[in-house]
Protein chains: 2
Amino acid sequence: MCCTGDDLVRVLATLSNPHRVRVVAALAGGRNYVSRLARELDISRALLQVHLKKLEAAGLVSSRLELSEDGKAMKFYEVNPFSVHLTPEFLASAAETLTIEKGSPR
Amino acid sequence: MCCTGDDLVRVLATLSNPHRVRVVAALAGGRNYVSRLARELDISRALLQVHLKKLEAAGLVSSRLELSEDGKAMKFYEVNPFSVHLTPEFLASAAETLTIEKGSPR
DNA sequence: AGCACATGCAAAGGAATATTAGCAGGTGCC
DNA sequence: GGCACCTGCTAATATTCCTTTGCATGTGCT
């Protein structure tokens with residue numbers, strides 16, 4: 001037991017976008033940096049950055065800024081291992097720690 | 001094994017709403033009809049109906065119209081058992097059957 | 001200087017969601 | 001008839017999300 005119901009909802013919301021699923025899938029095969037990942041997934045870099053931010057905000061990926069040998073700053077992303085067993089019973093327990101306030105996404 | 005990546009995304013999108021999680025949680029404790037469920041969850045019936053429709057469209061719940069002893073039409077909902085093990089590896093396999101349609105402007 | 005590559009961010013428009021309010025229908029009971 | 005229940009729909013609003021476009025920074029190489 002580690003996450004609140006709100007955290008779960010945030011994770012599910014984050015993974016409810018095909019682009020972000022593909023990003024996680026790509027990173028599951030190994031870490032990568034933004035520009036290259038954008039080329040491999042064939043999406044714009046700006047779009048990828050937005051999705052990466054959401055994934056990181058949800059705790060699904062981590063980033064690390066590194067300097068390549070030729071001095072260029074490159075931001076590497078990698079997946080944080082996670083495991084959620086989605087069942088009605090699990091949702092029932094998660095619902096106990098769920099706030100319903102309006103304008104809550106944050 | 002059974003669902004496409006698109007189906008998975010749809011399920012996750014459906015469960016990425018606190019109201020719908022609470023609905024599933026409530027139904028996990030037993031079937032119920034719309035008006036009563038709305039009272040128990042303390043939300044408007046119109047709102048609940050919208051969420052129930054989405055849950056049913058995603059295949060997470062089922063509905064059945066029944067007649068009470070006193071002749072009133074009552075729509076009962078119940079959860080369809082489901083089990084999704086959410087991991088990076090699982091997403092990687094799901095991503096293979098994921099449509100993105102859209103021109104790719106590089 | 002100019003090109004290729006890396007990063008970041010903000011504004012703007014369109015699309016999709018969430019929620020409310022209000023209407024319609026039905027039954028049975030006092 | 002008038003309540004108290006049940007069901008269903010729509011239109012209109014507010015809000016959030018998605019995506020593109022554009023500009024800013026920096027590096028190294030020719």
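A, B, ... follow the sequence lines: proteins, then strands. Residue 1 opens every chain.
The distance between atom NE2 of A/His19 and atom C1' of D/dC18, rounded to the nearest whole Å, is 8 Å. Across the protein-nucleic acid pair, B/Leu12 atom CG and C/dT17 atom P stand 14 Å apart, rounded to whole Å. For the pair A/Asp70 CG and D/dC29 C1', the interatomic distance rounds to 10 Å; values are reported in whole Å. Rounded to a whole Å, the CG atom of A/Leu65 is 15 Å from the C1' atom of C/dC5. Computed from coordinates, the A/Leu41 CG to D/dT19 C1' distance equals 16 Å when rounded to whole Å. Counting to the nearest Å, the P atom of D/dT20 and the CD1 atom of A/Ile43 are 9 Å from each other. Atom pair B/Arg10:CZ and C/dA16:C1' shows a separation of 15 Å (rounding to whole Å applied). Computed from coordinates, the A/Lys72 NZ to D/dT27 P distance equals 12 Å when rounded to whole Å.
Phosphate contact (OP1/OP2 of C/dA6, side-chain N/O of A/Arg39, threshold under 4.0 Å): present. An OP1 or OP2 oxygen of C/dT17 is reached within less than 4.0 angstrom by no side-chain nitrogen or oxygen of B/Asn17. The phosphate of D/dG8 has neither OP1 nor OP2 within less than 4.0 Å of any side-chain N or O from B/Arg45. Between A/Ser44 and D/dT20 there is a side-chain polar atom (N or O) within less than 4.0 angstrom of OP1 or OP2. Between A/Lys75 and C/dG8 there is a side-chain N or O to OP1 or OP2 distance below 4.0 Å.
The closest side-chain heavy-atom distance from B/Pro88 to A/Phe82 is below 4.5 Å. At a threshold of 4.5 Å between non-hydrogen side-chain atoms, the residues B/His85 and B/Thr87 count as touching.
A side-chain contact (heavy atoms from CB on, under 4.5 Å) with B/Leu8 is found for exactly one of B/Asp6, B/Leu12, B/Thr4, namely B/Leu12.
Of the possible donor and acceptor atoms, one in the side chain of A/Asn80 sits under 3.5 Å from a partner among the backbone N and O of A/Gly59.
A/Glu66 and A/Arg31 are joined by a salt bridge, as a carboxylate oxygen and a charged side-chain nitrogen come within less than 4.0 angstrom of each other.
When the side-chain contact (heavy atoms from CB on, under 4.5 Å) test is applied to A/Val61, the partners found at least two apart in sequence or on another chain are A/Leu27, A/Leu55, A/Glu56, A/Tyr77, A/Val79.
Among all heavy-atom pairs drawn from A/Arg45 and A/Ala38, the shortest one is CA-CB, 4.0 Å.
Along DNA chain D, the nucleotide nearest to A/Ala13 and the one nearest to B/Arg36 differ in position, and the one closer to the 5' end is contacted by B/Arg36.
Near DNA chain D, defined here as any heavy-atom distance below 4.0 Å, the residues from residues 46-62 of chain A are A/Ala46, A/Leu47, A/Val50, A/His51, A/Lys54, listed numerically.
Closest approach to the B/Tyr33 side chain among D/dT7, C/dG28, D/dG28 is made by D/dT7 (side chain taken as heavy atoms from C-beta onward).
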